[in-house]
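For the numbers below, each heavy atom of this structure counts, side chains included, while hydrogens, waters and symmetry mates do not. Count residues from 1 along the sequence.
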Amino acid sequence: MRIVIAGAGVIGVTSAWYLAQAGHEVVVIDRQDGPALETSFANAGEISPGYASPWAAPGIPAKAVKWLFMQHAPLILRPQFDMAMLRWLIAMLGNCNARDYAVNKGRMVRLAEYSRDRLVELRGATGIAYDERSQGTLQLFREEKQLAGIEKDIAVLRADGVAFEVLDRAGCIAAEPGLAGSNQPLAGGLRLPGDETGDCFKFTNALAAMAQAAGVEFRLGEPIRGLVRDGDRITGVRTDRGIVTGDAYLVALGSFSTRIVAPLGIRLPVYPVKGYSITVPIVDANRAPVSTLLDESYKVAITRLGDRIRVGGMAEISGFNNDLPDARRATLEYSLGSLFPGAGDVAQASFWSGLRPMTPDSTPVIGPTRYRNLFLNTGHGTLGWTMACGSAQVIADLMSGVTPAIETADLAISRY
C-alpha cells in the first residue's frame, strides 16, 4: 500500500519508519527543509513514561490562578478573541476532576511505557545514536506540600507496575550529585529509574536517514495546502507542487493538524501550547545533571544531552506564535542556576520556542477517522518524544490491519 504522511517531525518520521518496516511504500511531506525543525527541534529531551500525566488535574484551576501571578510562572495565558482557544480551555477544565484524571493518566502511561519499550527495541536493532542515556528521571519537590501530594500518581505507577523511588534530600543528591551545590530547599523527590533521555532532533534525523535508505521518499520544503476528498475517501494531498496521491493518508502535523482536517468536517481538539527551552554548553560536568530532573515548582525539565544541558518547560496559551520573550528565558535560567549552579554557561545558551499540540485530556489522537483511508497521529502535547515510537507502531498496525499489542480504541478521535 502507498501511504502519504503529512508531517516530518518525530511523530511523522517514526510513523514512516514503522510503516516502511511493515512493507508499505511511504511518502513524507513537510514544509520545512529538513526533519524535526519545529516542535521536535529543541524539546526538553526526557523520555519519561511514568511522568506521563494530564495537565488537566484536580486542583489545577486554583493553581493556575496562582501561577499567573508568579515571577517565574509555569503557566502563561495571553487571552485573545479565539473561539478555538476558548473551546479548548473549557474542555480542558472539564477534565480537571479525579475520575477523568485517573482515566487519562492511565491511558497515557500505557502508551508511554509501550513506546519506551519500542524505542529500546529499535535502538538494539539499529544502533541508532542520539546522545541517549538510561539513568532515570527525578521529579524534584522544593516544598513539603508538593511531596505530600504525590499519592495519586504513585497509585497509578503501582497499578501499571512502574518502578519508582521516593527520596529525601540526601537521596535526591545521591541520584543527582550536582544538586549538592544548590542552596535551595529540597523537600524530596520521586525518581523513576527506568526513564531515559536523548536528543529528539538527532534521533529524528538519524531515523529519517535510515528510513530514506529503506525506501521512504521525503518531499521536504513542500508546503501542504489541503487534502483532496471524494465521498468518504481521501484522494490526495494538495501541495505547492501539485497533488500527491496514495492509497492511505496519515496526518502528523502537530498543532497544524487541526487546520488541515477542519475543511473535511473533522473537529480535532488540538491546540498549540507553547513551550520554551535553552540549550546550555556544560562548563563543569561535576555540577551538571546526569540525567533528567523535573523542577516541580516551575514545571521545568533539566536534561543532560552529551556536553549540553537542555532546560525546557512552561505552558503558554497564546495561539500560533513563536516569539521569544526575555522573561521566559529568565525562568529557565533561574531553574537551572538555582539547582545546578556553575554547571553551564548560560551566556552562550541558545533560546527556542515550540508549539506543542495539546488535547484537552492530554492524550494523543491516534487512529482512524470517518474517512475510510485517513488516519491521525497527533496531539501528543509535551510527550511527543516520549510516545513517538509507541504511537508509530500503533498507527502502523492499525493502517496495516493488524491488532496492536495495546488497547487503542480510547486513543482515536471517536472518543470525543
Side-chain angles (χ1 to χ4, degrees), residues 9 36-46 48 51 53 55 60 63-80 82 85 88-89 92 139-140 142 146 182 184 197 199-201 254-256 270-282 288-289 292-305 308-341 343-358 362 380-386:
L37 288 178
E38 295 197 28
T39 305
S40 303
F41 181 70
N43 65 17
E46 83 266 25
S48 303
Y51 293 119
S53 298
W55 281 84
I60 285 295
K63 289 181 181 178
V65 174
K66 174 186 175 183
W67 287 337
L68 290 173
F69 296 97
M70 288 174 57
Q71 178 185 0
H72 298 296
L75 173 67
I76 304 98
L77 177 62
R78 296 184 183 178
Q80 53 191 276
D82 182 347
M85 177 191 289
W88 185 89
L89 285 169
M92 192 272 286
Q139 184 178 16
L140 183 73
R142 297 176 185 243
Q146 295 171 332
S182 173
Q184 297 294 303
T197 61
D199 188 321
C200 182
F201 174 77
S255 299
F256 297 93
V270 171
Y271 194 80
V273 176
K274 188 179 179 184
Y276 295 89
S277 77
I278 55 174
T279 304
V280 184
I282 292 174
T292 290
L293 180 143
L294 303 178
D295 185 350
E296 178 63 19
S297 294
Y298 303 104
K299 304 295 184 183
V300 167
I302 303 172
T303 301
R304 174 76 165 266
L305 296 176
R308 302 161 295 147
I309 303 171
R310 177 69 52 72
V311 188
M314 291 173 287
E316 179 176 303
I317 303 171
S318 58
F320 289 84
N321 80 78
N322 281 112
D323 61 352
L324 293 167
D326 290 339
R328 306 289 88 79
R329 177 169 182 151
T331 296
L332 299 172
E333 291 183 1
Y334 174 78
S335 180
L336 175 63
S338 64
L339 296 175
F340 297 97
D345 184 358
V346 294
Q348 299 300 316
S350 58
F351 186 28
W352 171 88
S353 70
L355 302 177
R356 309 182 189 105
M358 186 76 77
S362 299
H380 295 76
T382 61
L383 296 169
W385 182 203
T386 293

Nearest heavy-atom neighbours spanning S362 and M358
OG-SD, 4.1 Å
Distance, nearest 0.5 Å, that separates CD1 of I278 from CZ of R329:
6.5 Å
Straight-line distance of T292 OG1 to L140 CG, nearest 0.5 Å:
13.0 Å
When you look at M314 and L332, which way does the side chain to side chain contact (heavy atoms under 4.5 Å, CB included) test go after all the steps?
CA-CA 9 Å; M314 291 173 287; L332 299 172; 3.7 Å; yes
Modelled atom types, side-chain donor and acceptor of S48 and E46, under 3.5 Å
no
What are the two closest non-hydrogen atoms of S335 and V300, and how far apart are they?
OG-CG1, 3.6 Å
Can you tell me how far CD of E38 sits from CH2 of W352, rounded to the nearest 0.5 angstrom?
9.5 Å
Might you point out which heavy atoms bring T303 and A44 nearest each other, and give the distance in Å?
OG1-O, 2.9 Å
Between F41 and F201, what is the ring plane arrangement, given parallel below 30°, perpendicular above 60°, and tilted in between?
perpendicular
State the CD-CG distance between E333 and D326, to the nearest 0.5 angstrom.
9.5 Å
Rounding to 0.5 Å, atoms CZ (F340) and CG (L293) come to a distance of 4.5 Å
Does the pair K274/D323 count as a salt bridge with the N-to-O cut at 4.0 Å?
yes
Examine distances only and state if a side-chain atom of Y51 and a backbone atom of Q139 form a donor-acceptor pair shorter than 3.5 Å.
yes
Look at the side chain of R356 and the backbone N and O of T382, then say whether any donor-acceptor pair between them is shorter than 3.5 Å.
no
Side-chain donor-acceptor contact under 3.5 Å, S338 with R142
yes
Using modelled atom types only, decide if a donor and an acceptor are shared between the side chain of T39 and the backbone of G354 within a distance under 3.5 Å.
no
What distance separates S318 OG from M85 CE, expressed to the nearest 0.5 Å?
6.5 Å
